Amino acid sequence: MNYPLIIAGPCSVESEEQILVTARALAKIPAVNMLRGGIWKPRTRPDAFEGRGEAGLVWLQRAGQETGLPIATEVATPEHVELAMKYGVDALWIGARTVVNPFSVQQLADVLRGSKVTVLVKNPVSPDLNLWIGALERFQKAGLSDLIAVHRGFSYYKESPYRNFPMWEIPIALSQRLNVPVITDISHICGNRELLQPTAQKALDLASDGLMIECHCCPEAALTDAQQQITPAALESLLDSLAFRSKNTGNVERDLASLRSEIDDIDSELLQLLARRMEVSAQIGEYKKHNNVTVVQMDRWKRILADHIATGGELGLDQEVVRAVFEAIHQASIRRQSEVMEKRKDQ
Ligand code: PEP
Ligand code: MN
């Protein structure tokens, strides 16, 4: 597989003409190295368009053969796998709704046992890193060696501009635990065209191994996910606008070495400052005990936190970062003061 892996194509294969026209245009974009098309669509509500099934596979195979692009589709059942293999599908992806169910994943791993096909495993809809890892492990144990994780965002209960909240820390944690490439399905993260560019750039900045992007010859008329699909021409400009960063080169490594050593020095200073702060905190504990004052004074703490957030803002620091850091420090400080008080009580 060539990386960065750029998989493009419609959410759903709708007609022979739609997939052929889209595929022909995509094949002219050098960076695109795989054609996607949904054949069986997992829909939230019944009576919506559920994909063309086997007829769609005939068209998808034709589009792949004509353009030379390898083809990918979603499978959710052993019957889907059997049909996809019959029509020479090169890569199968397991959708977010299937990955949540270990029984379904195991069934798919069992029918694919020993196969050479590429399997892409989307993250489950819930932000559950172990469930995602577990699904990949089921395929690994079934002897599949060409595995790719696909980050497509997570269902989230808070207001958000995204269709599926990215929670970038989860794919990063996956990369630390498993040695599989991770690509980013920006279309299902964003849910709309406007967010695609910055989200794609962010994915690449965070060392994503590729992108999955829904492309349709006529996005407004798409039968599924119309708001997030783009034309092949729009994909071309999107890809042109992106900075594909190198993960590792000699020069970059050398330049990074001095910056990394600066970071190490700053971390060591931070640790010494923290230790000093805890020391002072213990002394305050002694004083409070002696003078019968409570450990926590909420009003003072709220004032201090607001001041730190304001000062942090002037220094260009994100307010959530300042809040998280000082809340952790404050908790540790309360624990230290309580220990001091406890100790004095026994004496
Ligand atoms: C899709 O890729 O068309 C799809 C349904 O994706 P997901 O499983 O990520 O929702
Ligand atoms: Mn879709």
Side-chain angles (χ1 to χ4, degrees), residues 5-14 18-19 22 26 32 34-46 48-53 56-57 60 71-77 80-81 84 89-101 104-105 108 118-128 131-132 135-136 139 148-156 160 162-167 170-171 174 182-193 195-196 199-200 203 208 210-231 234-235:
L5 178 60
I6 306 291
I7 305 177
C11 178
S12 306
V13 173
E14 298 170 3
Q18 171 244 14
I19 188 68
T22 309
L26 291 174
V32 172
M34 193 177 276
L35 174 69
R36 65 154 276 157
I39 296 296
W40 300 279
K41 299 306 297 177
R43 306 311 301 278
T44 304
R45 308 280 301 272
F49 171 68
E50 289 186 329
R52 295 287 181 219
L57 276 175
L60 182 62
I71 53 175
T73 200
E74 172 172 352
V75 290
T77 67
H80 293 167
V81 171
V89 174
D90 303 279
L92 307 175
W93 82 79
I94 318 299
R97 294 161 193 78
T98 306
V99 176
V100 290
N101 184 346
S104 301
V105 174
L108 295 172
T118 300
V119 175
L120 299 110
V121 180
K122 296 240 191 164
N123 66 251
V125 277
S126 47
D128 186 337
L131 197 56
W132 194 8
L136 284 152
F139 290 105
I148 298 170
V150 184
H151 171 217
R152 51 76 81 193
F154 305 88
S155 289
Y156 197 52
S160 139
Y162 299 100
R163 175 176 178 190
N164 291 295
F165 205 67
M167 299 187 183
I170 295 184
L174 181 103
V182 183
I183 68 165
T184 316
D185 173 351
I186 54 171
S187 301
H188 290 92
I189 289 179
C190 296
N192 65 71
R193 290 181 266 277
L195 282 174
L196 290 175
T199 306
S208 171
L211 303 170
M212 185 186 267
I213 307 150
E214 286 187 340
C215 280
H216 192 293
C217 50
C218 182
E220 307 73 44
L223 298 180
T224 54
D225 288 351
Q227 319 83 301
Q228 70 195 30
Q229 302 207 58
I230 54 175
T231 60
L235 175 69

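All ligand and atom numbering here is 1-based and tracks the order in the structure. Predicted model only: the values in this text are computed from it and were never measured.
Remark: the backbone N or O of C217 is paired with a side-chain donor or acceptor of T22 at under 3.5 angstrom. A distance-only check finds a donor-acceptor pair linking the side chain of E14 to the backbone of L223 [under 3.5 Å]. A side-chain donor-acceptor contact under 3.5 Å links W132 to the backbone of V121. Counting only distance, with no hydrogens or angles, the side chain of T184 and the backbone of H151 share no donor-acceptor pair below 3.5 Å. Listed for the E214 side chain is no donor-acceptor partner under 3.5 Å among the backbone atoms of R36.
Close contacts between ligand 1 and K122 involve ligand atoms 1 (C), 2 (O), 4 (C), 6 (O), 7 (P), 9 (O) [criterion: under 4.0 Å to a heavy atom]. Close approach of ligand 1 to G95 (heavy-atom distance below 4.0 Å) involves ligand atoms 8 (O). Per-residue contacts place R97 under 4.0 angstrom from the following atoms of ligand 1 (heavy atoms of the residue considered): 7 (P), 8 (O), 10 (O). Interface atoms of ligand 1 facing E214, defined by a heavy-atom separation under 4.0 Å, are 3 (O).
The aromatic rings of Y162 and F165 sit perpendicular, their planes meeting at an angle over 60°, well past the 30° parallel limit.
Counting only heavy atoms of the protein, atom 8 (O) of ligand 1 lies nearest to A96 N, 2.8 Å. When hydrogens are left out, the protein atom nearest atom 5 (C) of ligand 1 is E74 OE1, 3.6 Å; that is the closest non-hydrogen contact.
In this structure, G153 and I189 approach most closely via the heavy-atom pair N-CG1, 3.6 Å.
With sequence neighbours excluded, the residues that form a salt bridge (Lys or Arg N to Asp or Glu O under 4.0 Å) with D225 are R163.
Residue-and-atom listing of protein N/O/S atoms under 2.8 Å from the Mn ion (ligand 2), sorted by chain and number: C11 SG, H188 NE2, E214 OE2, D225 OD2.
Note: L211 CG to S187 OG = 9.0 Å, rounded to the nearest 0.5 Å. Rounded to the nearest 0.5 Å, atoms CG (L120) and CE (M212) are 5.5 Å apart.
Under 4.0 Å from ligand 1, the heavy atoms of R36 that appear belong solely to its side chain.
Residue H188 holds the heavy atom nearest to atom 1 (C) of ligand 1 of all those in H188, R163, H151, R152.
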